[in-house]
Amino acid sequence: MRYSVLQILKEGLTGNRGWKPVWREPDPKQHYDIVIVGGGGHGMATAYYLASVHGLTDIAVLEKGWIGCGNVGRNTTIIRSNYLLPGNEPFYELSMKLWEGLEQDINYNAMVSQRGLINLFHTDPQRDAAVRRGNAMLLAGAGAVLLDREALRRKCPFLDFDNERFPIKGGLWQPRGGTVRHDAVVWGYARGADRRGVDVIQNCEVTGFDIRNGVCRGVETTRGAIGANKVAVCVAGSSGQVMGLAGLRLPIESHVLQACVTEGLKPAIPGVITFGAGHFYVSQSDKGGLVFGGDIDGYNTYAQRGNLPTVEDVCEGGMALMPMIGRARVLRMWGGVVDMSMDGSPFIDRTPVEGLFFSGGWCYGGFKAVPAGGYCLAHLMATGAPHRVAEAMRLDRFMTGAVIDEKGMGAQANLH
Amino acid sequence: MPDRQLMARAALDGHERTIGTVAVAEVTDLALVSAAVPRGSDEAFAAALARGFGAARPATGDSTVGDRCAARVLGMQPDQVFILFVPPDPDRPAETVSATLESAAYVTDQSDSWAMLRMTGAGVRTALERICPLDLDDRVFPQDRVARTAMEHLSVIVLRDGADSFLLMSPRSSARSFRHAVELSVEHVSE
Amino acid sequence: MSGAFRLDGGAIERDRTLAFRFDGQRLTGHPGDTLASALLANGVRLVARSFKYHRPRGVFSAGSEEPNALVELRSGANREPNTRATVAELFDGLEATSQNYLGSLRHDLLAVNDLLAPFLSAGFYYKTFMWPRSFWERVYEPAIRASAGLGRLSGEADPDSYDKGFLHCDLLIVGAGPAGLAAALEAGRSGARIILADEDFLMGGRLNAESHEVSGRPGAAWAADAVRELASMDKVRLMPRTTVIGAYDHGVYGALERRTDHLAAARGKPRQILWRLYTKRAILCAGATERPIAFGGNDRPGIMLAGAVRTYANRFAVGTGRRIGVFTNNDDGWRTAGDLSAKGVPIAAVIDVRDVDPATAVADARIRMNSRVAGTWGRHGLRGITLATGERIELDCLAVAGGWNPNVHLTCHHGGKPVWRDAIASFVPGDRLPGGMSVAGAAAGGFTTAGALADGHRAAVAALGELGLAVATGEPPVASDEATEAAPFWHVRESRGRAWLDLQNDVTVKDVEQAHREGFRSVELLKRYTTLGMATDQGRTANVLALAIMAGLTGRTIQETGTTAFRAPYTPVPIAAFAGRSRGKDFRPTRLTPSHDWAEGRGAVFVDAGMWLRAQWFPQTGETHWRQSVDREVTGTRGSVGICDVTTLGKIDIQGRDAAEFLNRIYANGFAKLAVGKVRYGLMLREDGIAYDDGTTARLGEHHFVMTTTTANAVLVFRNMEFARQCLWPGLDVHLISVTEQWAQYAVAGPNSRRLLAKVVDPEHDISNEAFPFMACAEVSVCGGTPARLFRISFSGELAYEIAVAARYGEALMEALMAAGEEFDAVAYGTEALGVMRIEKGHAAGNELNGQTTARMLGLQRMVSKRKDCIGNVLSERPEMNRDDGMELVGFKPLSSGDELTAGAHLLALNAPADTASDEGWISSVAYSPTLETSIGLGFVRQGHTRIGETLRAWDALQRSDVRVEIVSPHFHDPDGKLLRA
Amino acid sequence: MIIDHPLLGPRDAAEFVYLGDACLIDRPDPGDENAARLFHDYLHIRDNPAGEHRELWFHEHGDRSWLVVTRNTLTHEIVRVELARDVALARGRDR
């Protein structure tokens, strides 16, 4: 069923009784060419691009719960390609380009809203770093604009320019940055993959890998053994656990990132704004809620919840930056378990087990990377070679020293 | 030949203020010296402390009162105490402690590292509820307990030196922010 | 007496009248009223518009579960959107405005959405608005945004103040209804330290809303007595107007206390306090929330929860209609009919879905058993109902009783799942509660008053036992038990028109059916697809209905269907409350150096360096541009002498028999052999081999060192050194203490620095070049005996010293230095001149030591000793960090001397395209050098040291600059270091 | 969270700074012939368990002790708190 205005009119006039399931609910087959573990954004996008770009459709996506129940359903929906390092920036720019054509590609409105993203700076060294980053973005074709204080005041008059503890000196603006309706991304990819023949299998937890002589030949699941020629693991916060089933240890720790949404409000905030003197970033959803977050709690955890001090820290940043939001009420807080890597950058790579592929270490930035993450993992699995923009995202980079440390914090996962 | 002597200035210029039932006053006449215990010298240190200041070595989190120099010994870390006392030479308190302890500890002057505010009065604990995460109940934090904690993003050492008297120490550079935090708390609970 | 709908009785102060405005209309109420009760008393029924279809809506509940009656409270900067009228206490002068409409509340133009509803069903927006692509941001999204959202922020800074606080107790009791009061009385009498918190301003919970008796007296009177007794106990803290918002780890609860929301003005006191409650045990006595029944047209103003109708009658003395009907699936609904009837409000009908005998007789009411309401009429308020049989009944208020949902929220905050109990057709707390928590009363699924009292008492006794406290001999209070027979019933199949589930987000039974049809069958997918339960009320009255309907569609049980996750906060909390005082100038503390006031008096411009404020430059009369000041400060220093406050550098006192060995392992370069009385520059690596921090360390004695760190890393370096001391080499005798705050420290730099210092340092200390050479240090005295430390070190590249005195003398020393320097035209210089001089000298600073650079990149590879172990040594050897074509620190000059370099420019070969692949490096720091009279820069370029003399483009398209630069040595000034040793 | 400090009793975790897995105590021998591999694993590779985790916390706003806290990463329950120095000594670390 193709979605269109006409279809909506037709269904509306007939009681909306004709809509079909967005994806089928097949039983798993005994064997697939490719099994993807994890029905989140990355897993689903990988399946979609394997099918749509490489014509591979004998694929199952296995999801422990319901699709999108992980981080793709519990993030702050921000997309951007404003990275500094050459190992990162071209990758995120590919992701941005894929976002820009996504909805027409998958015939699903994920509400990709490029209303711009501003990273504020408050000191001269921060400004220098922002200029370096902005130029890196320009070199990669991502676009960037340096805003001075006056230009910022015109765009965001509600920022605290008069009583601020750390005066705002300006901002680095990526006009193409923005937000996407996060749940719709996974639904849209699922729909697109399903229509091309991919089996999306929910409530199917992987409990082990069938590895013989160093070659992965399938997975064991709560719904039986499933054979595969190739297996990819895209399980974000569960990376350590799932890869552990294959006997692999990773340069990854699992941490919780909390986020908050307020009650619905009439439009108040344009685009995405990120504080540079504290942990706070915010956007406003189409429904009117202010969606905001900050830093991770900082301790290893698999519980999808955090504690008060982090929420307080985030709100302090919010009030320091834009005291007009004080009377907006936080409606919900939630936590996502994120796979923090040791340099803050992800992995899209083969593993020492032949036929077993891994995408992970997305830290708290995996959402924006969903299209390119899926695209590049699909490329690697289908062609055997890493995609050009993901060449640096190797698992062995801590051994060689070719780390991709955007923040320069070193090998401490919770600092990235 | 130098033509001027240097005049000392207290972190808060000797600030004093009473708000409702609570008095807040900067303490400027006490020296504070840390004494770290050399590895393996705990007994020698305790003996020196007893000889020199007439004080027992406190456990971490406790303080003891000595009978010399109005000294109070604060157990700050497993191998470190702070000695709070009235110094004979305010410019050389570390030397005083080193001599008094007969070099049984590594001493470091901390007198200028901390701004000290004493809060006294009936409403002190009610005011501290607004900034201090510690349980200051009589059973949990009786007189002579000491702890370092964080208040309003500041490191603060809290010493209970009376039923309704607390000596608070916070880094000198942020003394004004500290005073503001303390006084605002008192104002917020005062009628 | 205010309002035509007032009844007798209730807990309002009738002898005082409060004036208020709603949408400009002047109305009155009484103390004890909420805004909702006062509106209802005045007969105001239409109070809001729904989120999506802009349907007319009225007050639905009498508590924090309210989905409909949201208003903008107060005005101007105090405007508070989305405020539940049902919990807003009335005060004199209150102003409230309805929200979320275009035009007026009565004639909302956006109600056109309601006519289009067939096309706006669940998830319609995912299927359209995609063509043409560029229209999303330009056309569709702005239109959606304008129509969505609810209330408006004022756009001004929140004018109120907020506090946070910390309370400790043995036992927290959440909720002061019958269970909570019984628990508190028992625990209080037993001497436990307890906190009793309730979100209401009047403690008593449903005792205030019902007509039951406790211990032979009216329940409300018993509650008031209980509260009085508790208030007299000094270990009991009563916290009305306090919502426990979340259960956090290890017995920590978050609570929001509203201090001034019920007052016309805050008068300088915090509006709200966010408390962190540290508890040993907690008893959740949060009661239960009534749920409705879904039927056609069940959203009109006048259709309310049956328990709320009782609350308004019994507690607020308000009749919610002139002719009231009851639609129920349980005995509790009949109580509404009985109570209202007893208050003299005519009951038009009681419609019960059950085929049983009527619970009570209700005078003059049509009693319809085994019946259902299928439709309603009345445009802006209910005028009548139609039964499934077609019978029409005129009435203006319908009380709907669908059963009660225990308020299990806090029991689920640690991931626990509630379990379905068929007997009461509700979810009750599961067995995975947050540690230390127990549940009592209606929250545990016991819906009688007698049961709640006994259960609260029981829970208190159990908690006291766990706490090891003796139990007072008290017995639980007794109450007449009441019947609670109920039949699960969710949805009237014969409904005419839409049957609403989520009243605020406009989710109907049909939307749930469509979600099922499209595969969104997990409750979480259902929620996300239809937005059910995502409104400000979190679906507290809607969710169970919806998932029961989904269970019916899928053929699963309600238990199998499950609930969505319950997450904090229990009710919404203002962002400002979470922030407390940390906003504006108080966002973070401000650190000032001892001579800050002196610098301020000199007109210094300050700059943030972490929490510190540092003098950036000192403008003098006639200087109109900062460059003039900075150039003068540099020239003055290099020409004669300058003084700079460097107090902010981290300083760590290091003592112990093994202090030298310890430093030898912390620093990449050797420190074991540093002589007493000497200073050495040290480079620290992280364990991953990346350059971390640098500074100087002086050896004051055989076992005594003092280290300086950069301002930025002072705390981190200290922490890491404690890690090394306690965890890596616990056997070493070494002790650390920060002395950053202890010493005020000043750099005295320039060819006349020694002559200046000679006037300040007491004459018994020989500071001649011979006695006190470059990199010497000593404990000296100044100005006639004040102890000081003198270091001969230089960041500027000149003959220079740093001198430190106890912080109390810092300001005086600065004045003394400036006075002594008068004859040399000494200048005070700030961080900007400091930065210029370090760039001229080629010293790396924060922009170069940014956590991404190696010693090799910085040209400091020789400092990494290979003859000893130190932190970072092994991993600094990794191949990719030692590539021959790696980045290296070099200097830059513009080819044409008038050009200005910019920090952050990237380096490209002259004919290379501007793309990522051609990127050869970047410029990290720039300055105008008054010494060289040109713009200069430091930066990194591939194989830099082999490319001195080469020309590149400094490409800064971000700032529209593209300058040709020459690669030069980073050491612009005195490269051989002759001046340092002069 | 509350950390029951072995010397000071229960204190709010907000007074502490978290580092990571307590395996960071076991710094390898830089003289080992496999030092490069050992240091790589020591600094980067983690068990990242879903369950009990021994981890390092620094009592920054307290007594400046490093602690080894044994905490369940699924429930956050803390079952043991030790002074890291004692742990290090027990594991044979000395000078």
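As the structure is a prediction and not an experimental result, all values here were calculated from the model. Residue numbers start from 1 in every chain, and the chains themselves are labelled A, B, ... in the order their sequence lines are given, proteins ahead of strands.
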Atom group of C/Glu832 that falls short of 4.5 Å from chain A, counting heavy atoms | side chain
Would you mind checking which part of A/Lys287 comes under 4.5 Å of any heavy atom in chain C, side chain (CB onward), backbone (N, CA, C, O), both or neither?
-> both
Go through the side-chain N and O atoms of A/Arg181 and C/Tyr125 and say whether any donor and acceptor fall under 3.5 Å apart.
-> no
Examine whether an atom of C/Ala609 lies under 4.5 Å from a heavy atom of chain A, and if so say whether it belongs to the side chain, the backbone or both; otherwise answer neither.
-> neither
Relative to chain C, which segment of A/Gln284 carries a heavy atom at a distance below 4.5 Å: side chain, backbone, both, or neither?
-> both
Going from CG on C/Asp249 to OH on A/Tyr299, what distance comes out if it is rounded to the nearest 0.5 angstrom?
-> 6.0 Å
Looking at C/Ser876, C/Pro879, C/Gly519, which makes the most heavy-atom pairs under 4.5 Å with chain A?
-> C/Pro879
Under a 4.5 Å cut-off applied to non-hydrogen side-chain atoms, are A/Arg327 and C/Pro159 in contact?
-> yes
When the 4.5 angstrom heavy-atom criterion is applied to C/Glu156 and chain A, the contacting part is backbone
Would you please indicate if the ring centroids of A/Trp23 and C/Phe520 are separated by under 6.0 Å?
-> yes
Proximity breakdown for A/Pro167 and chain C, heavy-atom pairs closer than 4.5 Å = both
In terms of heavy-atom proximity below 4.5 Å to chain A, should C/Asn847 be classed as side chain, backbone, both, or neither?
-> side chain
Salt-bridge test for C/Arg583 and A/Glu164: reply yes if a basic N is under 4.0 Å from a carboxylate O, no otherwise.
-> no
Side chains of C/Pro81 and A/Leu265 in contact at under 4.5 Å (non-hydrogen atoms) | yes
Flag, side chain of A/Arg132 to backbone of C/Ser924, donor-acceptor distance under 3.5 Å = no
Salt bridge present between A/Glu312 and C/Lys164 (N-O < 4.0 angstrom) | yes
With a 4.5 angstrom heavy-atom cut-off, could you sort out which part of A/Met333 is near chain C: side chain, backbone, both or neither?
-> both
Measure distances from A/Ala130 to the heavy atoms of chain C and classify the residue's part below 4.5 Å as side chain, backbone, both or neither.
-> backbone
Considering only heavy atoms from C-beta outward, does the side chain of A/Gln7 approach that of C/Lys127 to under 4.5 Å?
-> no
Test item: A/Met111 and C/Tyr126 side chains (from C-beta on) under 4.5 Å apart, heavy atoms = yes
Between the side chains of A/Thr400 and C/Glu880, does any donor sit under 3.5 Å from an acceptor?
-> no
Is it the case that C/Thr536 and A/Arg329 place a side-chain donor and acceptor less than 3.5 Å from each other?
-> no
Given side chains that start at C-beta, do those of C/Trp136 and A/Asn109 come closer than 4.5 Å, heavy atoms only?
-> yes
Given that the side chain runs from C-beta out, which part of A/Arg24 has a heavy atom under 4.5 Å from chain C: side chain, backbone, both or neither?
-> neither
Between atom CG of A/Asn135 and atom CG of C/Leu908, what is the distance when rounded to the nearest 0.5 Å?
-> 9.0 Å
Which region of A/Pro125, side chain (C-beta onward) or backbone (N, CA, C, O), has a non-hydrogen atom less than 4.5 Å from a non-hydrogen atom of chain C, or is it both or neither?
-> both
Residue part contacting chain C, namely of A/Leu13, when any heavy atom lies under 4.5 Å = both
Contact class of A/Asp160 relative to chain C, heavy atoms under 4.5 angstrom | side chain
Proximity breakdown for C/Arg883 and chain A, heavy-atom pairs closer than 4.5 Å = neither
If one checks every heavy atom of A/Val314 against chain C at 4.5 Å, the contacting part turns out to be neither
Heavy-atom proximity to chain C below 4.5 Å, by part of A/Met137 = neither
Is chain A contacted by the side chain of C/Ala535, its backbone, both, or neither, given a heavy-atom distance below 4.5 Å?
-> backbone
Taking the six-membered ring for Trp and the full ring for Phe, Tyr or His, determine whether the centres of A/Tyr3 and C/Phe129 are under 6.0 Å apart.
-> no
Rounded to the nearest 0.5 Å, what's the gap from CG on C/Asp511 to CG on A/Asn16? Could you check?
-> 8.0 Å
Using distance alone, with no hydrogens and no angle criterion, decide if C/Asn100 and A/Lys266 have a side-chain donor and acceptor under 3.5 Å apart.
-> yes
Nearest-0.5 Å distance that lies between atom CG in A/Asp128 and atom OG1 in C/Thr902 | 9.0 Å
Just one of C/Glu137, C/Arg145, C/Glu141 clears the side chain to side chain donor-acceptor pair (under 3.5 Å) bar with A/Ser113, so which one?
-> C/Glu141
Here the gap from A/Asp124 atom CG to C/Gln616 atom CD, rounded to the nearest 0.5 Å, amounts to 6.0 Å
So which part of C/Pro589 gets closer than 4.5 Å to some heavy atom of chain A, the side chain, the backbone, both or neither?
-> backbone
Okay, A/Ala303 and chain C: the region with an atom under 4.5 Å from a heavy atom over there is neither
Any Lys/Arg nitrogen of A/Asp313 or C/Arg588 sitting under 4.0 Å from an Asp/Glu carboxylate oxygen of the other?
-> yes
Chain A heavy atoms under 4.5 Å from C/Arg271: which part of the residue, side chain, backbone, both or neither?
-> side chain
d(C/Lys510 NZ, A/Arg17 CZ) to nearest 0.5 Å is 5.5 Å
Does any non-hydrogen side-chain atom of C/Glu518 lie less than 4.5 Å from one of A/Lys20?
-> no
Side chains of A/Arg165 and C/Thr590, donor plus acceptor under 3.5 Å | yes
Chain A contact via C/Lys52 - side chain, backbone, both or neither, heavy atoms under 4.5 Å | neither
Measure distances from A/Phe398 to the heavy atoms of chain C and classify the residue's part below 4.5 Å as side chain, backbone, both or neither.
-> both
Could you tell me which portion of C/Asp586 (side chain, backbone, both or neither) has an atom closer than 4.5 angstrom to a non-hydrogen atom of chain A?
-> neither
